[in-house]
Undergrad: 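Quick one: the structure is below, and I'll ask about it shortly.
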Amino acid sequence: MTDSSASEMTDSIAAEQQPEPQPASVPQLHPRREPFEHGLLPIPKLIFTDGIQTLSQLKSTLLSSDLTPRVSSETLARVLGVPIEHSRLLIETISSVLHDDSDPLVKAKNSKEFDEIGVNVFDLLVFLYIQSYKRLLPKGHRDSAAVADVWPSTSAFDGFLSALSPLQLVRSNSRKFMPSLADEEAHQLSYLHKHMGNILSLLADSAEGEGDESLVLSMDKFEHLGFLIYFGEKGSQGTTLSQSTPFFANSDPDMPAAPVPASQVLGWLLQTISSTQEHIADKALPEENGPSSSSDQDVTMTDIGTSSAKPASNLRGPSFIEGISKSSYVKQAHELKGTSVKVLNCHESVIYILAPMRYATVYGCSDATIVLGAVGKAVRVEHCERVHLITAAKRICIANCRECVFFLGVNQQPLIVGDNHKLQVAPYNTFYSQLEEHMNQVGIDPNINRWDEPVALGVVDPHDSLSHPAGVSDVQAESAMRLDPDQYTHFVIPNWLGSEEAGSTKDNPFPLPDAYIASQQKNHKNLEEVKQILRETQLEENRKREFSSALHACFKDWLYSSGNIRQLYCVQGE
């Protein structure tokens, strides 16, 4: 079948198919947030706006050139016409948002393994298709009508974002105007409803017949939709995606069900999506803004270590830590109800999340120190100013941040996108007793740390709903500088913040580069020399008082200039 006939078939499916009645027992369909939140790359050559024409050609090329359904980064670079660095970044990104943890790509640790394993062609096709997705606008924006469509469109407010600093942008769109989880889910469902026909055609096989019946979907190809969707409120735990459908349910794995006409699958999926959209709309009426407004209030000293931020979470949704101001907040592993965390709008505070996680997002924070325990998939930091972030993670993406310092233990190259200024990266600089156990749980290798290999992409994120001036998307983002070793300090997590369960970690699990080791040794030696001088110095009582006052003044200045004043919140709360 030709590409044009496949496209016509998809349009025919979407336009003519009358969906069959949906069984009452079928669970609701939900979009997976991870590909939309952590899986979009601002690389123009990966964004196809011609529907499925280019991707259909790519599918034919890849399947005809390889004996296996997996593609290496070298082949991908050649076929897509991108640098090998970008094809590797693409494959690494897919591995971080894959729905199937049994896929060998998830276990890859370095570039050589990523190259040898390669990515499944059908996961790749779904990933590339959604690169044209546009994120949801803040609620109430006056230009929302112009950009309501989920397919790329133009806006009358080119350059709106660049006119504001990251924090100004966040404050101009305060929490009550930010999209709730329900808003984002509805937006993603709308996108899936519009484009499901095209996506299915990329997964379908051609069969004998004419019209709608010429495209059929096998059970194993249907499973690749798990990249984008899941069934049920908490996901199909222990159940494959196909078992939640009337087409493939109860089929024998050794004798899979026969392929089903793609038109029949599409009709059922569209009706299921519509049913979920109606459910979300009905549920949103009494809960217009998602999380309670009380989560926006400042947290006082007496709230340290409690669940004062009222995180809204479930097994599929993230835990929210929001609105912490001039305080400290501690979250242990047993206190997290989900596998992901979102830290939102926290200022002049220290946030400790000493737990294993799959995903983490830090958004709209300023003048804060944030410690993320072990993040096995991806961290995204966006619209932050003067934040010190400390994390052990598989990968990290930094977008639209200013004057931030990142102390990283990361297995993949840090990705820097958007409008960033005066960013610094440094090697990981702390530990807590259960850190290595948490890293083992989520698959972080302490022997691989690529903290000093940042990759900078475009200044403008083409996935924002607001468009930008022509040509700006081709400008490379400002990268990050290495922190001067003389400014590198070890960050001490107070013992009393640790879990009740003792751990085996006694030191920083990530080896330090020689320059940073030498700097620490020099600082330690200088400290010992000063101590010795003080012990041997004989001063009169009034001179001792003057000397003590001078020391306290210098120490206070250092606390404020370095940002370590934030840790005193912990001491006050002890």
Side-chain angles (χ1 to χ4, degrees), residues 1 5-32 35 52 56 59 63 69 98-100 102-103 120-123 125-126 129-130 188-189 191-279 316:
M1 174 176 288
S5 61
S7 180
E8 292 171 1
M9 183 64 60
T10 303
D11 296 338
S12 176
I13 291 172
E16 299 176 8
Q17 175 64 26
Q18 295 299 320
E20 298 177 357
Q22 181 181 354
S25 60
V26 174
Q28 290 188 335
L29 181 153
H30 298 278
R32 286 185 69 236
I52 63 168
S56 295
K59 172 184 175 181
L63 292 179
L98 264 180
H99 59 296
D100 182 7
S102 66
D103 191 292
N120 185 285
V121 169
F122 297 99
D123 290 330
L125 291 170
V126 174
Y129 191 93
I130 67 167
Q188 290 159 10
L189 282 172
Y191 175 87
L192 292 174
H193 192 278
K194 179 173 182 177
H195 298 284
M196 186 59 74
N198 284 343
I199 295 170
L200 284 183
S201 72
L202 291 173
L203 299 177
D205 297 309
S206 297
E208 294 183 3
E210 296 181 358
D212 292 358
E213 303 308 315
S214 64
L215 287 179
V216 295
L217 202 67
S218 63
M219 188 170 75
D220 66 316
K221 300 288 178 56
F222 182 82
E223 287 293 340
H224 290 283
L225 275 182
F227 192 93
L228 296 178
I229 63 174
Y230 66 93
F231 289 103
E233 290 293 338
K234 298 180 181 179
S236 50
Q237 301 168 359
T239 304
T240 61
L241 189 73
S242 58
Q243 295 303 303
S244 299
T245 71
F247 318 109
F248 307 113
N250 304 316
S251 61
D252 187 344
D254 296 326
M255 295 187 64
V260 177
S263 58
Q264 185 180 355
V265 177
L266 177 59
W268 182 81
L269 285 173
L270 293 180
Q271 184 164 4
T272 307
I273 292 173
S274 297
S275 174
T276 304
Q277 288 175 313
E278 293 173 2
H279 175 77
R316 294 292 311 191

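Owing to the predicted nature of the structure, the values given are computational and were not obtained by experimental measurement.
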Undergrad: A204 and K59: which non-hydrogen atoms are nearest, and at how many Å?
TA: O-NZ, 2.8 Å
Undergrad: S201 versus L215: any side-chain heavy-atom pair under 4.5 Å?
TA: yes
Undergrad: Measure across R32 and G226 and return the closest heavy-atom pair with its distance rounded to 0.1 Å.
TA: CD-O, 2.9 Å
Undergrad: For D205, check salt bridge (Lys or Arg N to Asp or Glu O under 4.0 Å) against everything at least two apart and list the hits.
TA: K221
Undergrad: Walk me through it: do V260 and F222 pass the test side chain to side chain contact (heavy atoms under 4.5 Å, CB included)?
TA: CA-CA 10 Å; V260 177; F222 182 82; over 6 Å; no
Undergrad: Side chain to side chain contact (heavy atoms under 4.5 Å, CB included), that's the test. Do L202 and V126 meet it? Break it down for me.
TA: CA-CA 8 Å; L202 291 173; V126 174; over 6 Å; no
Undergrad: Can you give me the closest heavy-atom contact between Y129 and Y191, atom names plus distance?
TA: O-OH, 3.4 Å
Undergrad: Output yes when a side-chain donor or acceptor of S56 lies under 3.5 Å from a complementary backbone atom of I52, and no otherwise.
TA: yes
Undergrad: Could you tell me the separation between the CG atom of L269 and the OG1 atom of T245, rounded to the nearest 0.5 Å?
TA: 8.5 Å
Undergrad: Enter the distance from L29:CG to L228:CG here, rounded to the nearest 0.5 Å.
TA: 10.0 Å
Undergrad: Is any side-chain heavy atom of T276 less than 4.5 Å from a side-chain heavy atom of H30?
TA: yes
Undergrad: Quick one: list whatever passes ring-ring contact (aromatic ring centres under 6.0 Å, His included) with H224, sequence neighbours left out.
TA: F122
Undergrad: Determine whether a donor-acceptor pair (N or O, by modelled atom type, separation under 3.5 Å) exists between the side chain of E223 and the backbone of S242.
TA: yes
Undergrad: So how far is it from M219 CE to Q243 CD, rounded to the nearest 0.5 Å?
TA: 6.5 Å
Undergrad: CG of D123 to CG of L225: how many Å apart, nearest 0.5 Å?
TA: 10.5 Å
Undergrad: Hey, what do you get for OG (S275) to CG (L270), rounding to the nearest 0.5 Å?
TA: 12.5 Å
Undergrad: Please give me the minimum heavy-atom distance between M196 and I273, naming the atom from each residue.
TA: CE-CD1, 4.3 Å
Undergrad: I need the L203 CG to F227 CZ distance, nearest 0.5 Å.
TA: 11.5 Å
Undergrad: Could you tell me how the ring of F231 sits relative to the ring of W268: parallel (under 30°), tilted (30 to 60°) or perpendicular (over 60°)?
TA: tilted
